[in-house]
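Chain letters run A, B, ... following the sequence lines, proteins first, then strands; residues in each count from 1. Any value given below was found using the heavy atoms of this structure, including those in side chains, with hydrogens, waters and symmetry copies removed.
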Amino acid sequence: MTREVKEAVTELIREGIDRAREKEELALCDLPPVYLEVPSEKQYGDLATSIALQLASQVKLSPRRVAEVIVKHIPQSSTVSQIEVAGPGFINFFLTPEALYPVLGDIEEEGANYGRSDSGKGKRVLIEFISANPTGPLTAAHGRHGAVGDALANILQMVGYRVYREYYYNDVGHQMDILGKSVQARYHQLRGEETTFPEDDYKGNYITHIAQEIARECEDVKKDLGFFRRFAEEKLFESIKKDLEDFAVQFDGWVKEKDLYESGQLKKTMERLKKEGHIYEKEGALWFRSSRFGDEKDRVVEKSDGQPTYLAPDIAYHQNKYERGFHCLIDILGPDHHGYVGRLKAAIEALGHEKESLRVIILQLVSLYRGKEKLPMSTRAGEFITLRQVLDEVGKDAARFFFLMRTTNSHLNFDLNLAKSQSTENPVYYVQYAHARICSILEFAAERGVEVNKVGEVDLSLLKEKEELEIIKTLAQFPEVVEGCARALEPHGLTSYLQELAGGLHNYYNKFRVIGEDRNLSSARLILVKAVRTTLQNGLHLLGISAPEKM
RNA sequence: GCGCCCGUAGCUCAGUGGAUAGAGCGGUGGCCUCCGGAGCCAGAGGUCGGAGGUUCGAAUCCUCUCGGGCGCUCCA
């Protein structure tokens, strides 16, 4: 509901309470804040408050009695048509159509900005996601990270944060060595030469493809391990960037581990921790005293062979984020990294930052299905479905919608057959179809010479069908839905909202004609469906999904 | 053994301490002379894994327990 309406109703409730107090019908000392909610079911009205239940014990009356007393003293108003006391003591408000119509004007005026707010107050946020190392192609699981990270960034921008999207990867160290050795061994094998594969080698077909490419294109190059490693990294990164581009996932910055060594950031950060007494030596290794900051035990940051562990550059990286002026960090990590959160938070606290300034989303696993059949997902064994395969098979829009449909902390079952099917079962088409349908209505209006007017030129009070008012109420909720998604760092609320809005439109379309004999009525209804179209567009845009005019 | 996530309709899942726990799909029965049937409508389907507790009120919070997943390394 719009803020204006909510404020008006809240004011009515306060007035009701005040008057009851003056007449000494409520012995009240302390008034808690009055909250309004949108009731779970339509029969309970458009807005409701549980204030009477909260006050009951204080004023020593039954909750229902408190509600009745308050309602008795609420003055008449043009926004509210009916007030009821229901259930254990809820006060339910039914809004007048006149209170709803202004939403249509707001949407027309704000257009692509409908749903925007400034609640983020321009605060700078760095959101880091995917951050897959270039040791193989992006998998379907990375697809979920990409979809969630990108959509979340869009949503946060919409509510007034300044958002920076970043991808971090390790381009030095053990894993990259194994990558180089895997390609090298495969290359020698292709040439029929004797070779040994490293332990834990990467086994995917892409290793062979890279080796073949080297055999084809790099006849005269000196081929030491460094060469294989660099070549593989470059090739894999090219393909990662291409995948992201086709998946419409944007990044503002790329940070590689090597940068942290070369800029001195790693050294600087470690020295600061040492100086402040957060690092100690034991058994030839350097340990970070993370247990002092709530981690379950201390962690090695430099191994006894002098090499840093994975944690060290990661601490330096996060410190670097703060030094660049970001004081609100979001990391999206896989469930295999949840044990990592404690030490990371310990580190940022040791470096003088608020623990709460880092929010970590643990994004649960993706299981791919083809109908009933579960598909294998093992990076090491080289048996996995790549993001590229998903994109080729179901397309960007369906893939993104499916990745976004669930809460981040529950496992996602992704049925490729379902995502691919252009049928009623597939929610992404359901939503897009509503958009295309409205475009088609507008086209029809143009053919018939029905003018598409502005809100001010139309008699909106002709919109009095129950379905029309329901749609307007749904439209009015959009800004709050976006706000809620931002607050919870959960984009999935938007997918269900869009399904609901599309459902309202389809239902309406089947029951009523937008373009009919009555010109004035047609004009009013055109305003309504245009507002639905704008809102669908805005919602889909936030999710990175297209809003096609024809399908 | 310890930590995190999940357990809600046949299936996939929503549900920020509030009302008779919702939606989509599937299954059943209807709706195309009509702006796009990739659509709509109607009815069926539940001991919210289980047991205690907290309070005016618990799917939601706490404790225990059972099932599934993922971690628990001087790996990344």
Side-chain angles (χ1 to χ4, degrees), chain A residues 35 37 39-41 43-44 48-50 53-54 56-57 62-63 86-90 92 133 135 170 173-176 178 200 257 282-287 296-297 299-311 313-314 334-342 362-365 367 369 372 405-415 418 421-434 436-445 447-448 450 484 487-488 490 492-493 495-496 499-500 502-503 505-516 522 525-526 529 550-551:
Chain A
Y35 291 113
E37 57 179 294
S40 53
E41 284 180 62
Q43 55 166 314
Y44 299 135
T49 180
S50 61
L53 286 93
Q54 293 168 55
S57 59
S62 76
F90 287 96
N92 296 336
N133 295 336
T135 55
N170 307 106
H174 190 55
Q175 293 305 314
M176 295 309 291
I178 293 179
D200 288 333
E257 190 180 351
K282 192 178 89 181
E283 293 160 7
L286 294 181
W287 297 70
E296 48 191 49
K297 58 181 184 181
R299 309 289 174 176
V300 172
V301 284
E302 193 182 299
K303 298 184 256 178
S304 48
D305 64 2
Q307 290 297 307
T309 62
Y310 184 84
L311 180 60
D314 233 23
D336 51 338
H337 282 77
H338 82 260
Y340 203 69
V341 177
I362 297 295
L363 189 54
Q364 297 296 328
L365 295 175
S367 299
Y369 288 82
K372 289 258 178 266
M405 263 191 330
R406 304 292 174 232
T407 59
T408 53
N409 60 13
S410 66
H411 291 215
L412 173 67
N413 289 325
F414 188 147
D415 182 351
L418 178 60
S421 74
Q422 304 199 347
S423 75
T424 162
E425 303 170 32
N426 192 335
V428 64
Y429 290 107
Y430 184 80
V431 175
Q432 289 180 319
Y433 186 65
R437 188 169 241 178
I438 295 168
C439 293
S440 159
I441 295 170
L442 290 168
E443 213 167 273
F444 183 82
E447 281 168 21
R448 287 293 193 84
V450 178
R487 204 170 34 241
E490 279 284 2
H492 97 280
T495 61
S496 29
Q499 290 179 80
E500 188 191 334
L505 187 277
H506 288 312
N507 175 342
Y508 178 58
Y509 175 89
N510 271 274
K511 210 158 166 187
F512 302 96
R513 287 192 63 84
V514 175
I515 312 296
S522 301
R525 289 181 169 174
L526 277 170
V529 298
K550 295 200 184 320
M551 295 173 68

Item to check | Counterpart residues, side chain to side chain contact (heavy atoms under 4.5 Å, CB included), relative to A/A48 (two or more places apart) | outcome: A/E37, A/P39, A/N92
Table of protein N/O atoms under 3.5 Å from nucleotides 73-76 of chain B N/O atoms:
from  : atom 1 : to     : atom 2 : distance (Å)
B/U73 : OP2    : A/K297 : NZ     : 3.3
B/C74 : O2     : A/S304 : N      : 2.7
B/C74 : O2     : A/S304 : OG     : 3.0
B/C74 : N4     : A/E283 : O      : 2.8
B/C74 : N4     : A/E283 : OE1    : 3.3
B/C75 : OP2    : A/K303 : NZ     : 2.9
B/A76 : OP1    : A/K303 : NZ     : 3.3
B/A76 : OP2    : A/Y310 : N      : 3.3

Item to check | A/L53 CG - B/A58 C1' separation (whole Å) | outcome: 15 Å
Next on the checklist: Below the 4.0 Å mark, does B/C40 have OP1 or OP2 next to a side-chain nitrogen or oxygen of A/Y430?
Outcome noted: yes
Checklist outcome for this item: Note: for A/R437 and A/T408 on RNA chain B, the residue whose nearest nucleotide lies more 5' is A/T408
Next on the checklist: Using whole Å, what does the distance between atom P of nucleotide B/G39 and atom CD1 of A/I441 come to?
Outcome noted: 15 Å
Next on the checklist: Suppose you measure atom P in B/C75 against the same atom in B/G18; what distance do you get, rounded to whole Å?
Outcome noted: 48 Å
Checklist entry - Mapping A/T49 and A/N507 to their closest nucleotides on RNA chain B, which lands nearer the 5' end? => result A/T49
Please list, for nucleotides 5-9 of chain B, all pairs of protein and nucleotide N/O atoms separated by less than 3.5 Å.
from : atom 1 : to     : atom 2 : distance (Å)
B/C5 : O2'    : A/N409 : O      : 2.5

Item to check | Partner set under salt bridge (Lys or Arg N to Asp or Glu O under 4.0 Å) for A/K303, not counting sequence neighbours | outcome: none
Next on the checklist: Please report the distance, rounded to the nearest Å, between CD1 in A/I362 and C1' in B/G71.
Outcome noted: 10 Å
Item to check | Euclidean distance for P, B/C74 against B/G68 (whole angstrom) | outcome: 29 Å
Next on the checklist: Both atom distances under 3.5 Å, Watson-Crick or G-U wobble: I'd like the secondary structure of RNA chain B as a dot-bracket string, with | for pairs made across strands.
Outcome noted: (((((((..((((....[...))))..((((.......))))......(((((..]....))))))))))))....
Checklist entry - Would you say a side-chain N or O of A/N413 is under 4.0 Å from OP1 or OP2 of B/C13? => result yes
Next on the checklist: Please confirm whether the shortest side-chain N or O distance from A/H492 to OP1 or OP2 of B/G15 is below 4.0 Å.
Outcome noted: yes
Checklist entry - How would you label the contact of A/Y35 with the nucleic acid (heavy atoms, under 4.0 Å): base, sugar-phosphate, or nothing? => result nothing
Checklist entry - Which part of the nucleic acid, if any, lies within reach of A/K511 when heavy atoms closer than 4.0 Å are counted: base, sugar-phosphate only, or nothing? => result nothing
Item to check | Listed partners of A/H337 passing side-chain hydrogen bond (donor to acceptor under 3.5 Å, both in side chains), at least two apart | outcome: none
Checklist entry - Does the side-chain ring of A/Y44 lie flat on the base of B/A19, meaning centres under 5.5 Å and planes less than 30 degrees apart? => result yes
